[in-house]
Amino acid sequence: MQLTIDQSNKSVPAPYSRTNPFHAKVLKNINLNGNGSNKETRHIELSLKGSGLVYAPGDALGVVPQNDPELVDALLEEMHWDPETAVTINKQGDTLPLKESLLAYFEITLLTKKIMQQAAGFTENAELQNLVLNENVGQLKEYIEGRDLLDLLRDFGPWNATAQDIVSLLRKMPPRLYSIASSLTANPEEVHLTIGAVRYTSYGRERKGVCSVLCAERVQEGDTLPVFIQPNKHFRLTESQDKDIIMVGPGTGIAPFRSFIEERAVTNATGRTWLFFGDQHSATDFLYRDELENYQKEGVLTRLDTAFSRDTAEKVYVQHKMLENSKELFAWLENGSYFYVCGDKLHMAKDVHNTLIDVIEKEGSMTREEAEAYLNTMKEQGRYQRDVY
Ligand SMILES: Cc1cc2nc3c(=O)[nH]c(=O)nc-3n(C[C@H](O)[C@H](O)[C@H](O)COP(=O)(O)OP(=O)(O)OC[C@H]3O[C@@H](n4cnc5c(N)ncnc54)[C@H](O)[C@@H]3O)c2cc1C
């Protein structure tokens, strides 16, 4: 832990932050998906005891991950490097044993144009020399996509480079952010996450998301994870307890809404709550089903609409459920409801956005432009908020 000097000139522990993360103990780490699911979504509970860290519903947690030891071993083996060689890791001249630096300090799963260009200085490989030429930038981009440092080192040897030369090309590992899935009021000194394991095959090799697969495969209860709070001013549960909220959160997008619902349950809010959830299969992928159905029974969750895309011949997504309920949805909006969206930025958030305009246009008997203006006004009023990634 870093120390700072306070006004009375005494050393006090620096508050935990991105550069000084808190080592939070893992209290629980379970798979929320059932047997036979195509997915693995971890529910992780961490202890914040003694950290002084606080958060509000809507905030994210930063996690500082470590690389996969198998991938690091493969790199060491490929290059015949001695794991214990000391390497300088930053401009300040700090050093670490090579293996540790590859595990904990450097990003080894992503390539950039700059890495490729600089690496070309350490090999005479004609293919790489050709790839980094300005006129071949398109091919370079294509090469980088879905490949990592191990591919680069395997593809373009022989290398005339020391371990130091190669690690000097690398960037520092960036932390990953996760929408917080718990309410601090409901779970004092705890923070919960909902993490989807990222796994895919690319160029004949199985690839694993650095942080999500660390959490899925290597983090056990009792271990610690370095974390910090990443406040999100633009995604906040309204403080007006009597206001209605509509939440659209398929897949891991459910995370902040579990926090919102928990918070509303403990604060006895009177506003209505409506959740749209979706995933592939109801039997295996209905995340937090029991909790949500209990909240519904207790009246904390007024409405729960679900869309399971692979249970029916025709794929059904959350936006279809919004359309099916367009009259009531618009009535909620007219009544001043807040509208929150969390999850996939690429497809879902766009589809939900367009569907919301469709609903307003249809049920408010407006032109497209008027419906868009209506949504813009909601945005200005802070009543349309998104946490998408
Ligand atoms: C504000 C915010 C909130 C978030 N909240 C959550 C959350 O609640 N839950 C959650 O699970 N995630 C959340 N994320 C995403 C999370 O931060 C990570 O990006 C995610 O877990 C992947 O990280 P990783 O280290 O496991 O994977 P990485 O090692 O970073 O790998 C992911 C990368 O792999 C590549 N990739 C993935 N699939 C393929 C494929 N099929 N083919 C080729 N390349 C591919 C892509 O380039 C992708 O960016 C959030 C992100 C942000 C910014």
Side-chain angles (χ1 to χ4, degrees), residues 18 29 31-33 38-46 55-68 70-72 102-104 106-112 141-151 170-182 191-219 225-236 247-260 277 279 285 287-288 340-349 385-389:
R18 193 182 182 97
N29 183 355
N31 183 8
L32 294 174
N33 299 94
N38 297 323
K39 298 195 172 181
E40 181 177 358
T41 315
R42 308 300 298 193
H43 171 76
I44 298 187
E45 300 188 356
L46 300 165
Y55 61 86
D59 286 344
L61 191 78
V63 177
V64 184
Q66 293 221 350
N67 284 308
D68 180 359
E70 281 182 19
L71 185 59
V72 169
L102 293 172
L103 280 172
F106 291 113
E107 178 171 70
I108 59 171
T109 49
L110 261 194
L111 294 173
T112 63
K141 263 198 188 144
E142 202 179 304
Y143 178 84
I144 285 171
E145 190 72 26
R147 287 189 168 96
D148 64 11
L149 180 64
L150 183 59
D151 294 301
L170 304 177
R171 306 194 298 192
K172 188 168 188 266
M173 167 96 81
R176 270 53 171 184
L177 296 180
Y178 294 95
S179 314
I180 291 176
S182 52
V191 62
H192 303 174
L193 303 176
T194 314
I195 302 185
V198 173
R199 295 188 178 95
Y200 57 98
T201 301
S202 173
Y203 298 101
R205 184 147 57 86
E206 270 182 45
R207 320 270 167 162
K208 297 174 174 185
V210 174
C211 192
S212 59
V213 175
L214 162 74
C215 292
E217 293 181 0
R218 305 195 303 283
V219 168
L225 271 179
V227 303
F228 59 91
I229 304 291
Q230 178 76 43
N232 187 353
K233 284 198 304 259
H234 304 291
F235 195 74
R236 278 273 169 269
M247 301 163 281
V248 182
T252 55
I254 184 76
F257 303 136
R258 182 175 182 266
S259 167
F260 284 19
F277 175 74
D279 215 312
D285 307 323
L287 310 181
Y288 301 114
Y340 300 94
V341 186
C342 179
D344 173 58
K345 180 155 106 185
L346 216 58
H347 306 288
M348 184 279 294
Q385 300 183 29
R386 309 200 304 173
D387 173 24
V388 296
Y389 47 86

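One-based numbering along the sequence shown. Values reported hereafter were calculated over all heavy atoms of this structure, with side chains retained and with hydrogens, waters and symmetry mates removed. Every number for a ligand or one of its atoms is a count from 1 in the order of the listing.
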Stepwise salt bridge (Lys or Arg N to Asp or Glu O under 4.0 Å) test for R236 and D387 = CA-CA 10 Å; R236 278 273 169 269; D387 173 24; over 6 Å; no
Kindly say whether the aromatic ring centers of Y55 and F228 come within a distance under 6.0 Å.
-> no
What are the two closest heavy atoms between A216 and R199, and how far apart are they?
-> CB-NH2, 3.9 Å
Check each protein residue for a heavy atom under 4.0 Å from ligand 1 and list those that pass, ordered by chain and number.
-> R176, L177, Y178, S179, T194, I195, G196, V198, Y200, G209, V210, C211, S212, T252, A255, D387, Y389
Residue pair T194 / A255: nearest heavy atoms and the distance that separates them | OG1-CB, 3.7 Å
For D285, all residues meeting salt bridge (charged side-chain N to carboxylate O under 4.0 Å, His left out), sequence neighbours excluded = none
Heavy-atom side-chain proximity of K208 to N67 below 4.5 angstrom = no
